[in-house]
Amino acid sequence: MHAYIGAKIYPVDGPPIDDGVILVEDGKIAGIGGDLPIPDGVEVVDLSGKVIIPGLVDAHSHAGMWGDGEGEASQDGNERPGPITADVDAIDSVNPHHTSFASCREGGVTTVQIHPGSGNAIGGLCFAAKTAGEVVDDMVLKAPTGLKGALGENPKRGAGKDSPKTRMGTAALIRDYFARAREYGRKRDEGKSPDPDRGLENVLRVLEGEIPFRVHAHRSDDIVTAVRLCEELGIAYNIEHCTDGYLIAGFLGERGIAAHVGPGLSSRGKVETANRHEGNAAILAAAGVKVCLVTDHPFLDARYLMAYGGVAQKYGLSFEDTLRALTICPAESIGVDDRVGSLSQGKDADFLVLAGEPFSFKSPVLATFIEGVEVYTRPTL
Amino acid sequence: MLAITNARIHTGTGETIEEGTILLRNGKIEALGKDIDVPAGAEIFDAGGRPVTPGLVEAHGHVGLANEGVGWEGDDVNETIDPVTPHISALDGINARDRVFDDFLRGGITSVQIKPGSANILGGSAVAVKTGPNNAADDMIIKANTGMKAALGENPKRAHGADKDRAPYTRMGSAAIMRDWLFRAREYVEKRTASDSKTGYDAKLEALAPVIRGEIPLRIHCHRADDMLTAIRIAEEFDVPYTLEHATQGFKIPEYLAERRVSCAVGPSMSREAKVELEGVGFETAVAFQRAGVPFCLTTDHPVIRALYLHMIAGKASAAGIGPDAALAAVTASAAEHIGIADRVGSLETGKDADVVVWSDDPLDGRSHPVRVIIDGEIVYERE
Amino acid sequence: MLAVINARLHPVSSSPGRGGLLIREGKILEAGDIRVPEDTPTIDARERIVTPGIIEAHCHAGLSEEGIGWEGNDGNERSDPITPHVRAIDGANPEDKAFRFFREAGITASQLTPGSANIIGGEQLVAKSRETVFIDEMIVLRPSGMKAALGENPKRVYGPKKSPATRMGNAAVMRKWLDRALAYADKKDAGDSPDFDMILESLIPVVRGDLPLRIHCHRADDISTALRLAEEFSLRFSLEHVTQGHLVADTLAERDVFCAVGPSMVHEAKVEMRGNGFENAAKMVRAGVRFCLTNDHPVVHGRNLPAAAGLLQAAGVPAAQALKSITLAAAEHIGLGDRMGSLDVGKDADVVIWSGDPLDARSFADVTIIDGEIAHCRGGDSGC
């Protein structure tokens, strides 16, 4: 057992604790509080003057999937040609030895939801993983955590002969495929054993409520189309990117939707991102949307997720909401809040030691812990 | 000053000194021999009776042009825009920080001649560099322009004729293109040197001028015996210096080559018959050259065979019949001669560059490895 | 009958010792202390080392022929990523020169395998390196496995215009066809007669666990994906290449996965081969991974397999284990551990008499015996 003492702790699911104690045993938090007795024989680590927050949770990442700096050989994010590749599973494309995971650990990201790319109308299964390990299967926190969908520019840019050419074409493809999945399910339930098809089976998992549909949409009309489709199909869903969300904040807020907002610190690189506004997160949160700040790594390097939080605050997101948008909100959205996203007894000992108050450029991550193991230590410069 | 003591010194020129000492100072070999006094204050490395050789010399490679473990992005070997690109220079393509240089040091190779690939009839200028410390290619240079790469046989006609649907399509076509440009270059040199010259600058012809003037050799890639003879035919027609690279079927014409003292970089002999023109690849050529007296060195043609195994190739050649002294020379002194840098490297002699390798055991045994590699008097690689 | 006497026997299955071999009808009749009947043709090994024949566990000989070009290249049926119905027997040319080089180098058997362009590439076989024009006369086991591939190769060949274009696409394509084959096999078992489908027919022994799926994978995550797929479908399987296996060595050891590691002699030719070298293989051996060595002929010529084992020894693996990795361990990998790979009574009489230490690259196979017959004799004083 280890005891980390002296630091100011932001547990996220409770008020901050000055001069707090965290007890860690077997990778779990054995106790947390301001005035906690420290059992005998415990190794004590004094973190006076430092700050502890939960490990960050990045709900939209492509870590290990696009091998930055490795060229075509490691481009494994979009199974082309689409437009429907519901049968692929992101876990089969992830290289744990890739530098992107080192970036995550350096940036304090301890949990990621890894998505297939957005090149296809239905892109494949997402899963959640910790960011340290040698074998991806051993890093998995939950799999699958969702089915990736995409609207807007990306799928209609696809090279496949069946690729959609318009936004309405994309919607029609998704509707049609879900209808086929329903038919497949009906046959299966009637004991007719249809020819096995993983793509249709994965869509059935969405239709049956096992996993949500996670829909990439930037422009407000694409976001509204996503809502329309998912309500029509009666499925759980959330919006990925949600760039124009602030323009229709009320519409989204009244539905209590989760929005994975990002990549932060980015440019207006495409027509569909022309309205990008740094106040998006704040406006959405105020309207009642569950906001999660995401890197979309490599589009924002995972090292800078905390800086993105700082900018979101600068444009109106409260300190508390920013912290939640990087921890417990994404944990809930992914469905792993029983394990991560806040610091309380029984949860995984995933936490960061910061040099000072979070979100300041003067408060670098000094150490990152995953399940009690120090997986990143800031090098002395 | 660094002193290597208690060494079995193979000088690379056929001489072996038991229990010898080498003194290295200011990047040069200051003294070597059996009874050398080690000056006070010198750093001493006791070789423990193990073999010491000159740093090995790889006469032919595309090191740093074909980056390791990278795809298209790191491939800068062949400028296939045109079959005639004498104006490009290997020096401008070398990634000095490429991981491959580690491989060279691990194999005890301290000097290498780097050339453009063999897709083009006239492919660009070669450069000889040290293999470490690898910070900037320019700091590693031994000799800046060691020759003009040229190629005959299958590669140019495949890269251009078959792949790009343009000349050359045939071996005759390749020869014609080479002749055409040597003619033009000869004329260019004559006109440009005339006092009233109105001939304008031409990058390609300018690059060929040192060949015409006899300052650098054509280094002609050829495998099949008939391609080797075509190379010699053209070079003699223009009376330009030349060497042969690969010379795979040299075993068919050793006397012809010996008569002319044609220097050949032979290899990669451990390879397979990957192309028709490689028929008969093996160590027969090295053996035939040794018997007939053709000057030759051995090459890995990295990455075809990993440069790391140059010493093992020498071992195989030795066993095939050339004997250990000639085998070691073929990857040291003879290779340096072939490149034209023998005044600096390739043998352990007073005044030469302090490029020295201490081996774990007999360097001709594939299982041996360098324990110390020294370049210009600095230890650049250590392994125990 | 044939006898080998006065040998330093390295039986691989037991410690080396002096003795001989008595061979009858292609099998080892007696080993060690033998009694040679009168008039038995006898080879006097004169204290040379005698080992079992070397086995290349992963080989494209006969399919990717030497010195011919595309005419002799029948390794990859690139028409579709799923071709389990193609068979090595229909593509392998017994007259490929590689088999002659194998005999000369002591390589007595090899598993011939389709290439790695396809997710499921076709049926493999094991052949002796006998001199014949009939492939059937060479075959020991057919099918010996079903070739499969993950990583860069399939997605490079088919993507981005066709699936697979990514690693997850590779896995999805494999799952799709294994799903279909299972459904097809279930239907047949249930007495339904589904429409005949040759692709699915060929996969039945794979999904039923009768035929090993031999999965090409280099990068550590591709290895993990192979294990994930094999486990999902309860396959019999082996891993081929396993370049970064050292990163997941404990997992491989724990699950007792058959791994054919190599070609370790080659440079980092692709991104997925970063870090390639014998150190990785040595780490896997130390972790207790079930292990044999391959040169992936012709990527590195199969005749250099003993040299590769020497380099494995140089990386820290004991000589006996290095020799085992190209004999008995290779035999076990290809499913023939009871027939080949050691000098035990009752096993095939595949025997090599070496001029020196077999793991020294300078040694020659003086005599190669396949199924009790002399398949190669180096001549001179080699003893036959």
Side-chain angles (χ1 to χ4, degrees), chain A residues 62 64-67 69-82 84-98 101 114-117 119-120 123-127 133-140 143 148 158-161 193-202, chain C residues 150-153 155-156 158-184 186-187 190 192 194 200 218-229 231-232 244 246-252 254-255 269-275:
Chain A
H62 302 288
M65 172 178 275
W66 273 309
E70 292 182 350
E72 272 302 315
S74 300
Q75 303 295 301
D76 291 305
N78 279 307
E79 175 60 11
R80 291 191 196 280
I84 304 278
T85 56
D87 57 337
V88 306
D89 187 339
I91 195 172
D92 296 314
S93 270
V94 171
N95 178 8
H97 299 274
H98 190 260
F101 285 101
I114 302 180
H115 295 236
N120 297 331
L125 294 176
C126 315
F127 74 107
E134 306 265 280
V135 174
V136 69
D137 306 72
D138 297 340
M139 294 154 69
V140 167
K148 180 68 178 284
K161 65 176 166 48
S193 61
D195 286 341
D197 188 316
R198 297 255 175 171
L200 295 174
E201 276 174 25
N202 288 339
Chain C
L150 295 171
E152 289 178 23
N153 288 8
K155 72 173 196 139
R156 187 180 57 240
Y158 295 101
K161 296 225 166 113
K162 196 175 167 184
S163 203
T166 59
R167 283 178 158 81
M168 57 188 181
N170 288 344
V173 170
M174 190 180 295
R175 273 199 190 92
K176 175 166 150 186
W177 284 91
L178 294 178
D179 277 345
R180 287 189 184 173
L182 262 178
Y184 185 81
D186 286 347
K187 274 188 192 156
D192 300 347
L200 299 177
H218 285 283
R219 230 169 61 174
D221 58 323
D222 293 323
I223 295 168
S224 299
T225 300
L227 295 179
R228 191 178 311 126
L229 286 163
E231 207 159 88
E232 262 174 55
Q244 294 184 351
H246 60 298
L247 298 175
V248 290
D250 292 342
T251 308
L252 294 173
E254 191 184 296
R255 301 195 193 174
K270 302 183 279 187
V271 173
E272 64 183 5
M273 290 182 76
R274 279 199 185 163

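Throughout, a chain's letter reflects where its sequence line sits, starting with A, and its residues are numbered from 1.
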| query | Has the side chain of C/K176 got a donor or acceptor atom that lies under 3.5 Å from a matching backbone atom of A/D87? | reply | no
| query | What heavy-atom pair brings A/P196 and C/D179 nearest, and what distance separates the two atoms? | reply | CG-O, 3.6 Å
| Any salt bridge between C/R175 and A/D89, counting N to O under 4.0 Å? | no
| With a 3.5 Å cut-off and no angle check, do the side chains of C/S163 and A/E79 form a donor-acceptor pair? | yes
| request: Any chance you could measure C/T251, atom OG1, to A/D137, atom CG, to the nearest 0.5 Å? | output: 9.0 Å
| query | For A/L125, is it the side chain, the backbone, both or neither that has a heavy atom under 4.5 Å from a heavy atom of chain C? | reply | neither
| message | For the CD1 atom of A/I91 and the OG atom of C/S224, what is their distance to the nearest 0.5 Å? | response | 9.0 Å
| task | Spell out, as yes or no, whether a donor-acceptor pair under 3.5 Å connects the side chain of A/D76 to the backbone of C/R167. | result | yes
| request: Report yes if some heavy atom in the side chain of A/E134 is under 4.5 Å from a heavy atom in the side chain of C/D250; otherwise report no. | output: no
| query | Which region of C/K270, side chain (C-beta onward) or backbone (N, CA, C, O), has a non-hydrogen atom less than 4.5 Å from a non-hydrogen atom of chain A, or is it both or neither? | reply | neither
| Can you tell which of C/K187, C/R274, C/Q244, C/E272 has the highest number of heavy-atom pairs within less than 4.5 Å of chain A? | C/R274
| field | Minimum side-chain heavy-atom gap C/E152-A/E72 below 4.5 Å | value | no
| query | Are the side chains of C/D221 and A/H97 in touch, meaning some heavy atoms are under 4.5 Å apart? | reply | no
| said: So, using salt bridge (Lys or Arg N to Asp or Glu O under 4.0 Å) as the criterion, who are the partners of A/D197 when residues are at least two apart? | reply: none
| message | With a 4.5 angstrom heavy-atom cut-off, is it the side chain or the backbone of A/V94 that approaches chain C, or both, or neither? | response | backbone
| message | Please classify the contact between A/S74 and chain C as side chain, backbone, both or neither, with a heavy-atom cut-off of under 4.5 Å. | response | both
| Of all of C/R180, C/R156, C/K162, which one pairs up most often with chain A through heavy atoms under 4.5 Å apart? | C/K162
| query | Tell me, side chain or backbone of A/D195 under 4.5 Å from chain C's heavy atoms, or both, or neither? | reply | side chain
| field | Heavy-atom check, side chain of C/T166 versus side chain of A/Q75, under 4.5 Å | value | no
